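Report on one structure; see the data block that follows.
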Amino acid sequence: MSFLAPVALIGLLLAIPIILMYMLRLRRRELIVSSTYLWQQLLQDKEANTPWQRLRRNLLLILQLIILALLAFALARPFLSVPAISAARMALLIDASASMAATDGPAGETRFSQAQDEALKLIDALARDAEVSVIRVGDTPEVILPYAQDKAAAMAAVRSVSAGQGGADWLAAITLAAAGGQAVDDFTMVMLTDGGVAGLDALTESALPGRIRVVPVGQSDENVALTALAARSLAGGPPQVFAQVTNYGSQDAEIILTLRADDDPLPVFNERFIVPGGASLPFVSSRGLDGYSVLQATVTTAVNSVGRDLLTVDNTAWTVARAAIGRRVLLISEDNLFLEQVLRSLPGVSVFKTRPDAGLPAETFDLYVYDQAVPRQPPPGDVLLIGPPVGVPGWFGVAGEVRGLPPLEAETTDDRMVFVDFDAVNIGRTQDLRGVSWGDVLLRAGDTPLIVAGDRGGRQIVIFGFALRDTDLQLNIAFPILMSNLMAWFSPVGSIVNAAPAVGDVVLIQPPLEADAVRVTRPDGVERTLPVDADQIVYTDTSLPGVYRLEIFSGGTLLQAQPFAVNLFDPLESDIAPRDVSLSGTPVLVQRADEQGQFEVWPLLAALALAADARMVDLSPAHTRPDRARCRAGPRECGLAAAPTSPQHAINHRAPRALIVNRARCSQRRIHTTRERICVFPPVRCGRRSALRRPPAPQAT
C-alpha cells in the first residue's frame with residue numbers, strides 16, 4: 001500500500017496528548033472528617049487519580065486512538081496498485097461477435113462475461129474525473145454510453161450489453177471511437193476481444209488518436225461447426241443436400257448430424273461421424289428430401305467425444321428450396337461431360353450444346369458457357385469462360401501459362417463463393433490473365449488471378465483462367481456448389497438477389513414492378529414493412545440466424561411469399577482459437593499487469609472512523625442536569641452544598657442528592673454507597689475537588 005499524501009501521517013503524534021490526559025489527575029485539598037465509612041469509593045477514586053499513574057485498560061482510550069489512526073491514514077490517502085489503464089478519456093470496445101459466446105472460462109463462463117468483468121475492473125480503477133464511453137462491437141457497432149464522467153452509468157452500460165450471433169465490424173467501431181478522441185491529450189481505446197478481428201489492414205496505430213490497447217479473453221480452440229449447407233435438384237432425380245462439418249480443435253470429435261425437412265419432428269437423416277482434429281468432413285445425401293421447402297441441419301457432439309464443442313451458435317444451419325425458373329444455357333464445348341452434367345443438375349436450367357466451330361444459333365440464351373473457347377463477338381447474354389486459350393479485346397488478355405502455383409486463396413466473404421472450399425483442390429496450370437481490373441478476383445494463387453467475375457458491357461462475365469482438365473475441381477464437392485452460386489448470380493431466383501446471405505449481411509430484394517410494399521418477418525417474429533421506392537430494396541436487419549419470410553404486396557394483395565435462410569458461415573467466428581490483434585501487420589499492445597492504476601481506500605477508513613466515533617459517544621458517561629432544590633448552603637463562590645463532616649451529617653442533610661449548580665465553573669463527582677449518593681465539592685475554589693483523608697485512629701484514654 002502507498003500514500004498520496006504521506007505528510008498527513010504526522011497527525012498520529014496527537015496520540016501523545018491523548019495518552020497523557022489519561023495518565024494525569026487533578027490534586028485536591030485534604031480535609032479531616034470523623035468517619036470514612038461513607039467515603040470508601042472516594043478513597044478508591046483518589047488512588048485512581050494519582051498523577052502519572054500506570055495506564056489501565058480503558059475502552060474509551062482505545063477507541064480514541066483508533067479514531068485518530070483512521071483519520072490520519074485517511075488524510076494520507078492510501079491506495080492499492082491495480083492493473084488499469086490510466087486515461088483522461090477512454091473508449092471501451094467490447095467484442096459482441098458470435099465467438100464471444102464460447103464457454104471456455106474457468107467455471108464455464110462465456111468469453112463475453114469475462115470481457116464484461118474486465119471492463120468493470122477498468123472502469124472502477126479510473127480516476128474520478130476521467131471520461132469513459134462504452135461501444136458494443138457487433139455486425140453494426142452501437143454506442144451504449146457516450147463519453148461521460150459517470151462510473152455508475154458506465155458499469156450499468158457494460159452490464160446491459162450481450163453477445164450477438166454474427167460478426168463484428170471493427171473498422172467501423174474503431175473509427176467511431178476515434179472520433180471522440182480528437183483533440184484529447186490523454187485518450188485510450190481498449191479492445192476487449194478474443195482476437196477475431198478483420199478488416200484493419202488499412203489502419204495504423206500512428207493514424208489513430210491516443211493509444212490503443214487489447215484486453216484478451218479466451219483460451220481454447222475446441223469447436224465443431226456447420227460450415228456449409230446447400231441443396232440442389234438433380235436432373236431426373238431427387239434433390240441432394242451438400243453439408244460440411246469442420247472441427248477447429250486439435251482433438252478428434254464424434255458428432256451426430258441431423259437433417260429435418262420443414263416442420264416434421266422426425267429427422268430424415270441422423271448419423272454419427274468422427275471428424276478429425278483440424279479437418280473438415282463433407283457430406284452428401286438425397287435421402288427423404290422430396291418436396292421439402294426448408295431443410296434444417298444440426299450438429300451435436302456425442303457424450304463420449306474426445307473433442308469438445310465450446311460454441312453452439314454455429315451448430316445449426318438452414319437452406320431453402322429454390323423455385324424453378326426457366327433459364328436457357330448454351331454450352332459451347334468439344335465434349336466436357338463433367339461440365340454438362342453439373343449444368344443439367346441445376347434447378348430450372350435448360351442446357352443446349354454446340355461446338356466452338358459451329359457458330360452461335362440465331363436464338364438467344366440467358367447464359368453462354370465457353371469451355372476452352374472464346375466468342376468471336378460478344379454474345380447477347382451473360383458469359384462464362386472456362387480456360388480461354390486467348391484473350392478477348394476489351395475484356396481481358398492472356399500473357400501465357402503459369403505453373404507451380406502457390407496455395408490457393410478464395411474470397412470467402414463474396415456471395416459467389418459461399419460454401420466453396422478450395423483447400424482440397426489442385427490446379428496444375430492456368431492462363432496469366434491481364435487487364436481484368438473491372439472484375440472481382442474470387443480465387444487467386446499469390447498474385448495470379450484464377451477466377452474473376454464482374455460486369456462488362458452490360459453483361460455479367462465470369463472467367464476461369466484454368467481449364468477443368470488441368471485440375472481436379474470437377475471431382476470435388478466445391479465444383480457443383482460454385483456453379484450453383486454463379487448461376488444464382490447470373491440469374492437471381494425469385495425476388496432475393498443475393499441467394500445465401502450470412503448473419504449481418506445486407507439482403508437485396510428486387511420486387512415486381514407492380515409491388516408497392518415489402519414485409520420481412522424475422523425468425524423471432526419481428527416484422528418490418530418497407531416501401532417500394534427503388535428497383536432494389538435493402539433489408540439490413542439480419543442479426544439472427546434462421547429462416548426469414550419475405551412477402552410482397554400490391555395494394556394490400558399478396559403477390560409473392562418466399563422464405564430465405566440466413567446462416568453463420570464465418571470461419572473467423574467458428575475458429576475460436578485466440579489470436580493477436582494487428583493493425584497493418586503491427587501487433588497491438590496487450591494490456592498487462594505492468595500498467596497499474598490507483599484504487600484509493602480512504603473512503604473506507606473515513607467510514608470506519610465515523611462508526612468508531614458513534615460507539616465512543618455511546619460509552620461516554622452521562623451527565624445529569626443540576627437540581628437546585630437539593631443544594632444546601634456551601635462555598636460562597638460556587639453556591640454548592642457543603643461537604644458533610646460526618647456520616648450522620650451527610651444523611652441528615654441528604655447531601656448525596658445535591659448536584660452542581662454552575663457547571664461552567666464547578667465539576668461534579670458521584671460517590672456511591674450502599675444506600676445513598678454523596679457529592680463532594682471543593683470548599684473554596686471552583687475547578688478543584690477536595691480530597692478526604694481517613695482520620696487518625698482515636699487514642700486510648
Side-chain angles (χ1 to χ4, degrees), residues 235 327-346 348-402 416-417 420 425 427-444 448-475 478-491:
R327 284 167 292 185
R328 294 163 53 85
V329 176
L330 179 62
L331 175 59
I332 301 100
S333 174
E334 290 290 348
D335 192 10
N336 193 329
L337 296 180
F338 288 106
L339 181 57
E340 181 181 354
Q341 184 179 6
V342 168
L343 290 174
R344 292 188 184 278
S345 68
L346 299 177
V349 174
S350 299
V351 180
F352 301 86
K353 291 179 58 179
T354 186
R355 300 178 63 85
D357 55 359
L360 297 179
E363 55 185 321
T364 59
F365 296 86
D366 299 311
L367 176 64
Y368 295 83
V369 180
Y370 289 86
D371 179 34
Q372 294 185 268
V374 294
R376 299 174 182 175
Q377 57 183 9
D382 297 334
V383 177
L384 171 59
L385 300 172
I386 300 177
V390 296
V392 177
W395 287 6
F396 67 96
V398 172
E401 291 185 352
V402 178
R416 292 162 290 193
M417 299 295 288
V420 182
V425 176
I427 299 177
R429 58 181 179 177
T430 183
Q431 297 287 356
D432 187 4
L433 304 178
R434 299 293 178 90
V436 288
S437 58
W438 47 267
D440 300 322
V441 178
L442 305 183
L443 181 67
R444 69 175 69 244
T448 303
L450 301 179
I451 300 179
V452 181
D455 296 329
R456 191 70 170 172
R459 300 174 182 83
Q460 291 178 300
I461 302 174
V462 176
I463 306 173
F464 286 23
F466 52 89
L468 293 180
R469 67 181 183 183
D470 297 326
T471 74
D472 57 1
L473 175 61
Q474 64 271 25
L475 304 177
F479 185 49
I481 298 176
L482 174 61
M483 295 301 296
S484 178
N485 290 345
L486 293 178
M487 186 61 65
W489 177 67
F490 282 127
S491 302

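The structure displayed is predicted, hence computed values, not measured ones. Along the sequence shown, the residues carry numbers beginning at 1.
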Can you find a pair of side-chain heavy atoms, one from L486 and one from Q460, that are under 4.5 Å apart? no

Any ring pair (Phe, Tyr, Trp, His ring centres under 6.0 Å) involving residues 369-402? Give me the pairs, sequence neighbours left out, ordered by first then second residue. none

Sub-4.5 Å side-chain heavy-atom contact between L360 and Q377: no

Atom CG of L330 and atom CG of L384: how far apart are they, to the nearest 0.5 Å? 12.0 Å

So, do D371 and V369 sit near enough that their side-chain heavy atoms are less than 4.5 Å apart? no

Would you say the side chain of P389 lies within less than 4.5 Å of the side chain of V374, judging by non-hydrogen atoms? yes

Compare every heavy atom of P388 with every heavy atom of Q431, then report the nearest pair and how far apart it is. CG-O, 3.4 Å

Spacing of CG belonging to L337 relative to CZ belonging to R344, to within rounding of 0.5 Å: 10.5 Å

Between CG of L343 and CE of M483, what distance do you get to the nearest 0.5 Å? 4.5 Å

Nearest heavy-atom pair of R456 and I461: which atoms, and what distance? CB-CD1, 3.5 Å

Report the distance from atom CG of D440 to atom CG of D455, rounding to the nearest 0.5 Å. 9.0 Å

Does atom CZ of R444 have more than 12 heavy-atom neighbours from other groups under 6.0 Å away? no

Where P375 and L385 come nearest, the two heavy atoms and their spacing: CD-CD2, 3.9 Å

Looking only at heavy atoms, the pair that brings L442 and A453 closest together is CD1-CB, 3.9 Å

What distance do T448 atom OG1 and L443 atom CG have between them, rounded to the nearest 0.5 Å? 10.5 Å

Do you know which two heavy atoms are closest between P356 and R376, and how far apart they sit? O-NH2, 4.2 Å

CZ of R355 to CG of L331: how many Å apart, nearest 0.5 Å? 11.5 Å

Just wondering, do N336 and Q372 contact through their side chains at under 4.5 Å, heavy atoms? no

Side chain E401, main chain R429, donor-acceptor under 3.5 Å: no

Counting only heavy atoms not in Q341, do more than 12 sit closer than 6.0 Å to its CD atom? no

Side-chain contact test, heavy atoms from C-beta onward, threshold under 4.5 Å: evaluate it for V425 versus D472 and give yes or no. yes

Close side-chain approach of L367 and M487, heavy atoms under 4.5 Å: yes

CA sep, side-chain torsions, deciding dist, call: L482, M417, side chain to side chain contact (heavy atoms under 4.5 Å, CB included): CA-CA 6 Å; L482 174 61; M417 299 295 288; 3.8 Å; yes

Strictly by ring pair (Phe, Tyr, Trp, His ring centres under 6.0 Å), give each pair with a member in residues 450-469 just once, sequence neighbours left out. F464-F466

Going by heavy atoms in the side chains, are D470 and T430 under 4.5 Å from each other? no

Specify the closest pair of heavy atoms between V383 and F490, including all atoms of both residues, with the distance to one decimal. O-CZ, 3.7 Å

